Asker: 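One structure, as structure tokens, below. Some questions next.
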Amino acid sequence: MSEPVADWVLSQKKVFTNWVNLHLAKRELNVTDLQTDFSDGVLLCILMEILSGKQTMKYKAGVKLRLQKIQNLNICLDFIASEGIKLVGCGSQDITDGNLKLIMGLIWTLILRYQIQMGDTQTDIPEEP
């Protein structure tokens with residue numbers, strides 16, 4: 001039986017989802033659940049392209065096999081490392097398996113790098129209706 005998720009985790013997940021969607025909207029994409037929507041690596045690669053303004057290495061869309069999902073995520077995580085971003089304890093298998101704590105840690109690291117450190121204070125996270 002899974003543990004109940006604390007209210008603060010749900011609130012943080014909602015804020016992080018809104019931040020991700022704010023950027024993915026530039027390509028008319030969105031996520032509904034951080035825990036599952038990054039599992040194949042495609043949306044995470046696209047998010048990194050939007051945030052960095054650079055092209056990631058080629059990933060495969062529409063993958064079904066776990067190995068293919070992990071390969072896509074490895075491409076993305078290698079790109080993140082090439083951007084000088086250090087991820088501690090978060091690997092492609094963690095994202096594929098839906099480890100919410102590590103996925104939210106990854107998103108927080110991206111927020112720190114691409115919004116706070118880069119001085120993007122003009123980005124307002126929209127409230128959900």
Side-chain angles (χ1 to χ4, degrees):
M1 190 172 209
S2 62
E3 294 180 31
V5 181
D7 287 343
W8 71 268
V9 174
L10 294 175
S11 295
Q12 192 173 45
K13 181 180 176 183
K14 183 177 174 181
V15 169
F16 286 5
T17 300
N18 287 342
W19 184 85
V20 167
N21 284 333
L22 179 71
H23 294 285
L24 287 178
K26 295 172 185 170
R27 296 211 190 155
E28 298 181 9
L29 298 168
N30 71 340
V31 297
T32 54
D33 187 354
L34 290 177
Q35 199 163 3
T36 57
D37 291 350
F38 286 146
S39 68
D40 66 359
V42 174
L43 287 175
L44 187 57
C45 283
I46 293 169
L47 177 65
M48 287 308 303
E49 288 177 351
I50 293 167
L51 292 174
S52 70
K54 301 175 185 173
Q55 190 80 16
T56 62
M57 292 181 64
K58 194 66 181 157
Y59 53 86
K60 293 183 175 97
V63 297
K64 301 283 187 226
L65 298 175
R66 179 177 169 78
L67 180 62
Q68 294 171 317
K69 293 176 180 183
I70 289 172
Q71 287 173 335
N72 274 354
L73 285 163
N74 282 335
I75 289 169
C76 191
L77 294 178
D78 288 346
F79 179 79
I80 290 170
S82 76
E83 287 286 290
I85 301 170
K86 292 184 179 16
L87 298 177
V88 180
C90 182
S92 56
Q93 292 180 357
D94 299 311
I95 299 169
T96 298
D97 293 342
N99 186 323
L100 183 59
K101 180 179 176 184
L102 293 177
I103 293 168
M104 289 198 315
L106 166 64
I107 300 302
W108 175 244
T109 302
L110 296 178
I111 290 170
L112 285 175
R113 171 62 184 267
Y114 290 104
Q115 185 163 339
I116 296 172
Q117 286 184 357
M118 300 300 225
D120 183 7
T121 56
Q122 299 300 316
T123 304
D124 292 327
I125 298 174
E127 291 291 322
E128 285 192 15

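It should be emphasised that the depicted structure is a prediction, and the values quoted were computed from it without experimental measurement. Heads up: numbering here begins at 1 and tracks the sequence.
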Asker: Can you tell if the side chain of Asp40 reaches within under 4.5 Å of the side chain of Tyr59, non-hydrogen atoms only?
Answerer: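 A side-chain contact is absent here, since even the closest heavy-atom pair is not under 4.5 Å.
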Asker: Can you measure from CZ (Arg113) to OG (Ser52) and round to the nearest 0.5 angstrom?
Answerer: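 So the CZ of Arg113 and the OG of Ser52 are separated by 9.5 Å.
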Asker: Does anything in residues 44-65 form a salt bridge (charged side-chain N to carboxylate O under 4.0 Å, His left out)? List the pairs, not counting sequence neighbours.
Answerer: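 For residues 44-65, and leaving out neighbouring residues, the salt bridge (charged side-chain N to carboxylate O under 4.0 Å, His left out) pairs sorted by first residue read Arg27-Glu49, Lys54-Glu83.
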Asker: Please name the pair of heavy atoms, one in Asn30 and one in Leu43, separated by the smallest distance, quoted to 0.1 Å.
Answerer: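 Distance-wise, the nearest heavy atoms are O-CD1, 3.9 Å.
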Asker: When you look at Lys13 and Thr17, which way does the side chain to side chain contact (heavy atoms under 4.5 Å, CB included) test go after all the steps?
Answerer: CA-CA 6 Å; Lys13 181 180 176 183; Thr17 300; 4.2 Å; yes
Asker: Could you list all the salt bridge (charged side-chain N to carboxylate O under 4.0 Å, His left out) pairs where at least one residue sits in residues 93-104, not counting sequence neighbours?
Answerer: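 Applying salt bridge (charged side-chain N to carboxylate O under 4.0 Å, His left out) to every pair that reaches into residues 93-104, excluding sequence neighbours, yields Arg66-Asp97.
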Asker: Indicate the atoms forming the closest heavy-atom contact of Gln35 with Ile103, along with that distance.
Answerer: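 That closest heavy-atom pairing would be O-CD1, 3.9 Å.
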Asker: If Ile, Leu, Val, Met, Phe, Trp and Tyr residues are connected whenever their side-chain heavy atoms lie under 4.5 Å apart, and connections chain through other members, are Leu24 and Phe79 in the same group?
Answerer: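 Yes: a chain of side-chain contacts under 4.5 Å links Leu24 to Phe79.
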Asker: Is Leu100 reachable from Trp8 through a run of I, L, V, M, F, W or Y residues, each pair having side-chain heavy atoms under 4.5 Å apart?
Answerer: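 Yes; tracing contacts between hydrophobic side chains, which count when under 4.5 Å, links both residues.
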Asker: Can you get from Ile46 to Val31 by hopping between Ile, Leu, Val, Met, Phe, Trp and Tyr side chains that sit under 4.5 Å apart?
Answerer: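 Yes; tracing contacts between hydrophobic side chains, which count when under 4.5 Å, links both residues.
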Asker: Provide the closest heavy-atom pair for Cys76 versus Leu44 in the form atom of the first, atom of the second, distance.
Answerer: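 That would be SG-CG, 3.4 Å.
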Asker: Taking all non-hydrogen atoms of both residues, which atom of Thr109 and which atom of Lys86 are closest, and how far apart?
Answerer: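 Closest pair (atom of Thr109, atom of Lys86, distance): CG2-O, 4.2 Å.
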Asker: Considering all heavy atoms of both residues, which atom of Phe38 and which atom of Leu73 are nearest to each other, and what is their separation?
Answerer: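 Heavy atoms only, the tightest pair is O-CD2, 3.6 Å.
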Asker: Check for me, please, whether Leu106 and Leu51 land in the same ILVMFWY cluster - side-chain distances under 4.5 Å, paths through other members count.
Answerer: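 Both belong to a single hydrophobic cluster.
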Asker: Roughly how far, to the nearest 0.5 Å, is CG of Leu34 from NZ of Lys14?
Answerer: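 It comes to 13.0 Å.
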Asker: From Cys45 SG over to Ile80 CD1, what is the distance, rounded to the nearest 0.5 angstrom?
Answerer: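 That separation rounds to 8.0 Å.
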Asker: Step by step, work out the side chain to side chain contact (heavy atoms under 4.5 Å, CB included) result for Ile85 and Leu110.
Answerer: CA-CA 8 Å; Ile85 301 170; Leu110 296 178; 4.1 Å; yes
Asker: Would a single hydrophobic cluster contain both Phe16 and Ile50, if residues Ile, Leu, Val, Met, Phe, Trp and Tyr are joined by side-chain heavy-atom contacts under 4.5 Å?
Answerer: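 Shared cluster, yes.
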Asker: Can you see which heavy atom on Met48 is nearest to which on Tyr114, and at what distance?
Answerer: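 Shortest heavy-atom contact: CE-OH, 3.6 Å.
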Asker: By the side chain to side chain donor-acceptor pair (under 3.5 Å) test, which pairs, at least two apart or in different chains, include something from residues 68-78?
Answerer: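 Residue pairs with at least one partner in residues 68-78: Asn74-Ser92.
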